[in-house]
Each structure stands twice: as C-alpha cells, then as structure tokens.
Amino acid sequence: MISTTILTAAVLLLTIFLALPLGRYMHRVYSGDRFWATRLLGPVERGLYRVSGVSAGEEMGWKRYAIALLIFNLIGGVFLYGLLLAQGALPLNPLHFAGVQGGSAFNTAASFITNTNWQDYSGGSTMSYLSQMLGLTVQNFLSAATGITIVLPIIRAIVRHKTKDLGNFWVDMTRTVLYVLLPLSALFALILMEQGVVQTLTGEVRADLVAPFVSGGKTILHQIMHVGPVASQEAIMMLGNNGGGFFNMNDAHPFENPTALTNFLETLAMILIPSALVFMFGHMAKSKRTAWAILISMLVLFIPLTLISQHYELAGNPVLTQLGVTQANKVSLAGGGNMEGVEARIGADASALFATVATATSTGAANCAYDSFIPLAGGVNLFLMQLGEVVFGGVGSGLATFLAFMIFAVFLGGLMVGRTPEFLGKKIESFEIKMASLSILVMPLLVLIGTALAVTTVAGRAGVFNPGAHGFSEVLYAVTSPANNNGSAFGGLSSNTRFYNLLTGMCMLLGRYWTYLPLLALAGALVEKKKIPTGSGTLTTYTAIFIGLTVGVILLVGALNFFPALALGPIAEQLAPISTLTH
C-alpha cells in the first residue's frame, strides 16, 4: 500500500507543480495580455478573426453567448454525423470501412460534441482515418474548448459588475484552441511517439511471430495489426478529458499506452488542465486562497475514494482468498491483487488510480476492464461520476459545476447565520439559487429516470448479459457515464442497439446543455450586480469550515440521490459472495 500511496502522491504533486504556471499562463491568455505567446501566435489569431468576420473587441451577454455556443456545437454535430455516414465513399480509408450505421452515427456525433466520447463501436475496426482525424480528433479539441468557454463567463461575472458583457464566445474558443490545447497536445503527442505510440497513415502492418502455431490445420507465421494516426488523437483525448480511444481496448492497447511512463503521464494529463483552471480562477477572481480551497475540497473527495479503490483491487477477489488462492502483490507474481481484466505491465494499483482519475474527470478513458473491478472499486468509479463532475471534473465544465455547489454552500451558510449570502462580493439571491439548483439536479434526474427506463422495459433488459446486482450495475453505469459527459463503460452490456443509442445519446445532450445553460444564466444575473465590500457578515470562502460545508453539500447531493441505487448494485454485489460462502 506504501507504493500505491507514493504513486498517487507523485501524480497529484507533479500535477499541481505543472498546473500552477499553466494557470497563470491561461489567465494571461484570456485577459488579452501581450506576452511571448501572443507575439508568437497573435498574427494567427488576428488572421482567423479577419477570415471569420469576428470582432474581437465586441462582447456578448449571456443569451447571445449561449446561442453562439449551441449553434457552433449543432453545426459540429451535423457535420460529424454526415461524415460518419459517408465515410465509406471518402478518402483516407485504407481498410475500406463502410459508412457507420445511422443510430451509431447519431450516438457518436452526440458523444463527441459533448466531450463525452461514449463509444458503442470498436474504433480500430469501424472508423476510417478521415473520420478519426477530421471528425473525432477535431471534436476532441472543440468540445474541450467548449467546456472552458462555459466557465469563463462565470468567472467574469464574479469579477465584473453593473454590466451585461461576459466576453466573446468566438474569441474564447479561438484562444483556447490556439494558445492552450494545440501547443500542449503537440508537445504531448511528441512525447507519446518517442515512447512508442504509433502515428502513421499506413493501414496495417505484418508482424512475424516468434512462436508460430497451428490453427485450423494451418501454420500461422505472422499477425496483421491495425495502426493509424494514434498519438495525435491520444494527446488531446487525455488533455481535453475526451477519452474516446483509437482502438477498442482504449489505453490498455500497447499502441495507445505502451510503457509505464506513458501510463503515468496520461494519468497526469487528465487532471492537468482542470487543476490549472482552478489556479486561473484564483488569478482572474483575485482570490488565490479561494482557488486553493477549491483544490483542497477536490482532493478531500478524491484521495480517500482513490485509496479505497486501490485497496480493494490490491486485496483481490474475496472468494479466491477464502479458497486459499494467493493474490498478494509479490515480486514472484505478475502483479498481485485483482488481475482479471488488468494489464500485467500496468498492475492493479496503477489501473485503479487511472480509473478514479478518468471518472473523477470527464475523461472516461480506460487502461483495464472496469467491468472486472472488485464491486466496491467499480462503485467508486460510479460514485465519482454521480457526485456531479466536480472532483476535478471536465476541462472547464468541472470547475463551473463546482462553483455552482460553492454558491449553494454559501446560500446554506448564509441561512445558518441569518445573513444575506454573498459569494466573492456578489449577493446571492433567489434567481441565482434556482439556476444553481437546476444545474445540479438535472444530472441525477437523467441518471435515475434513464436507469428506471432501462431496467423496466424489454428493450433495456435485452442488452443485459449478466443477471443480478452486477447486471444492474452495468445498466446504472451505462446511464451515469453519458449523463456526466464521461464516456467510460462497465462493458457486459449490448449498448449498440436502437434503445441504448437513443437513451445514451439524449442523456449526453441533455446532461451537457441542460446542466450548463442555467450556469450561463446564473453568470448573466451575477455580472449585473454591484460588488459588495467585505464586511463582518461576509462568509469567508477559504476557511476549513467552508471547505467542509462545500464538501458536505456535494456528498449529500451525491449520496442521498444515488445511495439506494448503489446499494442495489455494487454494494450488494460486494456483500453477496461473502455471505454465500459463510453460510
């Protein structure tokens, strides 16, 4: 367990070390400062504005900002949907894949424009290179940038007063892609290629086998392996919290994640930008102590849940333990712990850490089979998503949701002391609480109603392969993940059906836009308010008491909404084999 703690600490400490300067850099980018990055890329930025007809100095109110966001995402979704349907007749298709079936094309388009990257298909045997690069990888950039454009107006609303201006959506998108996502992804892709992640337009390669074997009366001398432009997609997939893998095995595939170093760096990459955005918030809002309070709150939730997941994965299967099977983590063994569905080169502890990071953020990538996790470890994955994408969360969208919880906590704190609630100098009134509450409660409604539909209809139950508590967990996971823009899956569920394509597609769209449009309306209300000077009745947002209040609000919403469902799924499954053997 000591090595597990060291691994977790190393990821978190290095992330914070890198996020501090990145957050300061992002603050300068969005503030329009003139510095080395704008001198280098400024001509490109200004050229893009001239070509597109954007006036960089013109700002928008929240409604215009929201409309621009929706239209931009709609155009991207329609384009991606058409590209997938027509890929069989388009170039850069060396393996001659046919067009994607309509239901799957809709589901994939909804998935990638919402930063969910839920995949009901096998990427390496479904998508042409054109679809992967022009369709999926482009949307990886744009959906991640959209997430950041959701939080920027909220931060500006806190800083500004007596105005309706929240920034310019087109400027925010351009600067996010040009100054943040492209440079980081290019650098990360080069590192991945150096470590062995493939990047080629070749359709397939042939590998001669060291040990030929006989199959069906024929001697097999070589193996055909699919390759492709993987590194470029892998980099933005991790940095942008996308998670949609080039291959069906995702990051368990050695062409996506070949070494222990790439596994470590990809784990770090998932939380780098979400952490940097917290520090950027501190700079923009001129409240660095509040930024540290946000990060500490996230870590208070993340670290115990991660250690629980790692503990149960390293302890192994309790049934095998009672049967006398050794699952200890020893040098003489391949890895130790629960090794079902786990890559021996990665191990159970690193896989559990990767899983909690992927589900705490909205990445949803996987370097192992989450369906094979010990039930409570799988339950941790579920619970991290069900907290509402606030423990780091997706790029931009996670911080936006966390700020909604903080505003709600300020409101409760104000009621407790009999004061009008204020958040960083802005009075919190009825409309703001309604918008924050709507944003917080949309996701639980989608998950619980969607799961109920899946388990009470013939079409929903038809996709379940595993009976009992585990089958219920798979259905619950299959609805929770899309509704939280995550995209990971338990597996063991036939999700490429008309029912699940429609259900998960609607959960992705509603979970993204119904959650974040109220936050933009909240920003529109806050930006018009005047700043209130700090007084004796002001609730300080960086004390241990307020951190505890915020964490408590998050846990209450997550636990009260989902504990009954978790009790029917992973908790019941964890207890079942022990009770069976002991009676």
Qualifying side-chain hydrogen bond (donor to acceptor under 3.5 Å, both in side chains) pairs with a residue from residues 97-106, counting only residues at least two apart or across chains: Ser104-Asp120

Residue pairs, two or more places apart or on separate chains, that pass ring pair (Phe, Tyr, Trp, His ring centres under 6.0 Å) and touch residues 433-454: none

Ring pair (Phe, Tyr, Trp, His ring centres under 6.0 Å): pairs with one or both residues in residues 351-406, sequence neighbours excluded: Phe302-Phe392, Tyr370-Phe373

Heavy-atom side-chain contact between Thr108 and Leu136 under 4.5 Å: yes

Qualifying residue, where the test is side chain to side chain donor-acceptor pair (under 3.5 Å) with Ser143 and the options are Asn242, Thr116, Thr114: Asn242

For Thr306, the option from Thr5, Thr8, Thr356 that meets side chain to side chain donor-acceptor pair (under 3.5 Å): Thr356

Taking all non-hydrogen atoms of both residues into account, name the closest pair between [X] and [Y] and its distance.
{"X": "Arg345", "Y": "His253", "result": "NH2-C, 3.7 Å"}
{"X": "Ser397", "Y": "Glu389", "result": "OG-OE2, 2.7 Å"}
{"X": "Gly240", "Y": "Val395", "result": "O-CG2, 3.6 Å"}
{"X": "Leu353", "Y": "Leu7", "result": "CD2-CG, 3.7 Å"}
{"X": "Ser481", "Y": "Ser488", "result": "OG-O, 2.7 Å"}
{"X": "Gly394", "Y": "Ser362", "result": "CA-OG, 3.2 Å"}

Would you say the side-chain atoms of [X] pair up with the backbone N or O of [Y], donor to acceptor, closer than 3.5 Å?
{"X": "Ser309", "Y": "Val380", "answer": "no"}
{"X": "Gln386", "Y": "Asn381", "answer": "no"}
{"X": "Gln87", "Y": "Ala98", "answer": "yes"}
{"X": "Asn107", "Y": "Gly103", "answer": "no"}
{"X": "Asn241", "Y": "Met270", "answer": "yes"}
{"X": "Tyr500", "Y": "Gly463", "answer": "no"}
{"X": "Gln574", "Y": "Ile374", "answer": "no"}
{"X": "Gln119", "Y": "Gly245", "answer": "yes"}
{"X": "Asn484", "Y": "Asn486", "answer": "no"}

Chi angles and distances behind the side chain to side chain contact (heavy atoms under 4.5 Å, CB included) call for Leu69, Thr149: CA-CA 8 Å; Leu69 185 153; Thr149 64; 3.9 Å; yes

Verify the distance criterion only: is there a donor paired with an acceptor across the side chains of [X] and [Y] at less than 3.5 Å?
{"X": "Glu474", "Y": "Asn466", "result": "yes"}
{"X": "Asn367", "Y": "Asn250", "result": "no"}
{"X": "Gln310", "Y": "Asp349", "result": "no"}
{"X": "Asp251", "Y": "Asn263", "result": "no"}
{"X": "Asn257", "Y": "Thr262", "result": "yes"}
{"X": "His470", "Y": "Asp371", "result": "yes"}

Residue pair Leu272, Leu239: steps toward the side chain to side chain contact (heavy atoms under 4.5 Å, CB included) verdict: CA-CA 7 Å; Leu272 176 60; Leu239 286 166; 4.3 Å; yes

Stepwise side chain to side chain contact (heavy atoms under 4.5 Å, CB included) check, Ile407 with Phe411: CA-CA 6 Å; Ile407 289 172; Phe411 176 72; 5.8 Å; no

Candidate list Phe562, Phe490, Trp118, test ring pair (Phe, Tyr, Trp, His ring centres under 6.0 Å), partner Tyr477, passing option: Phe490

Residue that, paired with Ile271, satisfies side-chain contact (heavy atoms from CB on, under 4.5 Å) out of Leu12, Thr363, Val391: Leu12

Chi angles and distances behind the side chain to side chain contact (heavy atoms under 4.5 Å, CB included) call for Phe97, Tyr129: CA-CA 10 Å; Phe97 293 140; Tyr129 291 171; over 6 Å; no

Greater than 12 external heavy atoms within 6.0 Å of Phe563's CZ: no

CD1 on Ile273 to CE on Met238, rounded to 0.5 Å: 12.0 Å

